[in-house]
Amino acid sequence: GSLPSFIVINEVVFAIDRLSGDQTLPTLTLIETRQPVDIRMMVFEPKGDGMADVFATAVPADPCGTLIYRATAVWDREGLYALDASTVRTDPDAECTLDEAEELTITLTDQMFYSIRANGAGVPYNTFVPVEEQRPYQLINTLPIEAFEIEWVIEEGFYPSVRLSVTGVTDGCDAPTQIALQRLGTSIYQVNAVRVLPLETLCTMIARTYTHEQFFDLPANAPIEFIVNGETITLAQP
């Protein structure tokens with residue numbers, strides 16, 4: 001089959017540089033940063049025997065980046081798969097002549113899942129539930145963030161975790177708010193507040209304030225940078 005171009009080691013992405021001539025061992029180049037892919041909609045089509053096709057419609061932030069994506073089972077969450085998609089540049093200094101990225105579709109086929117986490121947003125779809133009871137079209141909405149708080153939470157006997165809290169104003173839909181955390185580098189994360197709604201959902205125009213917090217297990221051995229509304233916020237070691 002085809003040879004891979006990238007490899008992921010402990011959630012860090014490396015490009016594989018294949019050498020010519022007598023040298024047979026490839027070298028690895030660390031990908032310092034990734035650009036997020038904005039997944040806007042997911043469509044599920046059952047194939048029988050618990051299998052389903054998953055179509056994710058997305059728009060890359062970097063029109064000249066190389067798309068990389070993978071779907072993996074989350075080892076400590078039964079029935080949950082994580083779809084991570086981003087674009088990378090093996091040559092960050094290369095000139096880009098494109099102004100806008102084209103919309104693309106990521107296609108996956110998998111089985112036996114209850115939900116998929118798409119770039120940090122949980123999208124429900126249970127392959128065990130009869131097809132007629134499913135809502136196969138899900139739209140991921142990004143909500144405005146007006147206030148953001150971060151802090152370490154340290155409990156005796158437990159690994160330190162990070163508490164993220166977001167506040168903003170949105171419409172009258174009561175769909176649960178989520179914090180979508182996308183890893184862009186070894187210790188760089190982009191933060192978005194999102195909702196996941198069936199495509200046909202109608203929301204009232206009544207403005208309301210939302211506040212949501214989530215806890216994340218993140219590496220604690222280096223300062224962590226969070227990008228919120230384009231602004232970088234640094235969290236020091238606990």
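Listed by chain and number, the residues in a side chain to side chain donor-acceptor pair (under 3.5 Å) with Glu213 are Arg163 (sequence neighbours excluded). With sequence neighbours left out, Arg117 forms a salt bridge (charged side-chain N to carboxylate O under 4.0 Å, His left out) with no residue at all. Checked against side chain to side chain donor-acceptor pair (under 3.5 Å), Thr66 has no partners two or more places apart in sequence or in another chain.
Shown here is Leu98, whose CG atom has more than 12 heavy atoms of other residues, nucleotides or ligands within 6.0 Å. By the neighbour-count criterion of 12 heavy atoms within 6.0 Å, atom CD1 of Ile9 is densely surrounded, having more than that number from other residues, nucleotides or ligands.
Distance CD/Gln178 to CG/Asn141: 11.5 Å, rounded to 0.5 Å. The distance from atom CZ of Arg70 to atom OH of Tyr81, rounded to the nearest 0.5 Å, is 13.0 Å. Separation of atoms OG1 (Thr167) and CD1 (Ile145) is listed at 9.5 Å; rounding is to 0.5 Å. Annotation: the span from Gln190 atom CD to Ile227 atom CD1 amounts to 6.0 Å, rounded to 0.5 Å. The structure places OH of Tyr189 at 11.0 Å from CG of Leu235, a figure rounded to the nearest 0.5 Å. With rounding to the nearest 0.5 angstrom, the CD atom of Gln138 is 8.0 Å from the CG atom of Leu197.
Leu83 is listed as a side-chain neighbour of Met42, based on a closest heavy-atom distance under 4.5 Å. Counting heavy atoms from C-beta on, the side chains of Val12 and Arg183 come closer than 4.5 Å. You'll find the side chain of Leu67 stays beyond 4.5 Å of the side chain of Pro60, heavy atoms only. No side-chain heavy atom of Ile140 sits under 4.5 Å from any side-chain heavy atom of Arg40. Under the 4.5 Å side-chain criterion, counting only non-hydrogen atoms from C-beta, Thr211 is in contact with Ser165. Two residues are said to be in side-chain contact when any heavy atoms from C-beta on lie closer than 4.5 Å; Phe148 and Ile233 meet this criterion.
Between Val169 and Pro144 the shortest heavy-atom distance is O-CG, 3.1 Å. Residue Gly122 comes nearest to Val196 through the heavy atom pair O-CG2, 3.4 Å, listed as atom of the first residue, atom of the second, then distance. Considering all non-hydrogen atoms of both residues, Val153 and Phe215 come closest at CG2-CE2, 3.7 Å. Closest non-hydrogen pair, Trp152 versus Pro160, comes out as CE3-CB, 4.0 Å. Of all the heavy atoms in Pro63 and Cys96, the pair that sits closest is CG-SG, 4.0 Å.
Hydrophobic clustering places Tyr210 together with Val228 (ILVMFWY residues linked when any side-chain heavy atoms are closer than 4.5 Å, directly or through intermediates). Linking Ile, Leu, Val, Met, Phe, Trp and Tyr residues whenever their side-chain heavy atoms come within less than 4.5 Å leaves Leu184 and Leu181 in two separate clusters. At a threshold of 4.5 Å between side-chain heavy atoms, the hydrophobic network of Ile, Leu, Val, Met, Phe, Trp and Tyr places Phe14 and Val8 in two separate groups. Using a 4.5 Å cut-off between side-chain heavy atoms of Ile, Leu, Val, Met, Phe, Trp and Tyr, with links allowed through other members, Ile31 and Ile7 fall into different hydrophobic clusters. Cluster annotation: Val194 and Ile106 are assigned to the same hydrophobic cluster (Ile/Leu/Val/Met/Phe/Trp/Tyr, side-chain heavy-atom contacts under 4.5 Å, transitive).
For Gln35 (side chain) and Gly65 (main-chain N/O), no donor-acceptor pair under 3.5 Å exists by modelled atom type. With hydrogens and angles disregarded, no donor-acceptor distance shorter than 3.5 Å links the side chain of Arg34 to the backbone of Ala85.
Side-chain contact annotation: Ser161 with Asp217, donor-acceptor N/O pair under 3.5 Å absent.
The pair Asp171-Arg195 counts as a salt bridge, with a side-chain nitrogen and a carboxylate oxygen less than 4.0 angstrom apart.
Screening Thr232, Ile188, Ile150 for a side chain to side chain contact (heavy atoms under 4.5 Å, CB included) involving Phe226 leaves a single residue, Ile150. Applying the side chain to side chain contact (heavy atoms under 4.5 Å, CB included) test between Ile39 and each of Asn119, Val123, Val59 identifies Asn119 as the sole match.
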Show your working on side-chain hydrogen bond (donor to acceptor under 3.5 Å, both in side chains) between Thr29 and Asp17 and close with a plain yes or no. CA-CA 7 Å; Thr29 300; Asp17 299 326; 2.5 Å; yes
Where do Ile16 and Leu28 land on the side-chain contact (heavy atoms from CB on, under 4.5 Å) test, with the steps shown first? CA-CA 5 Å; Ile16 301 177; Leu28 299 180; 3.9 Å; yes
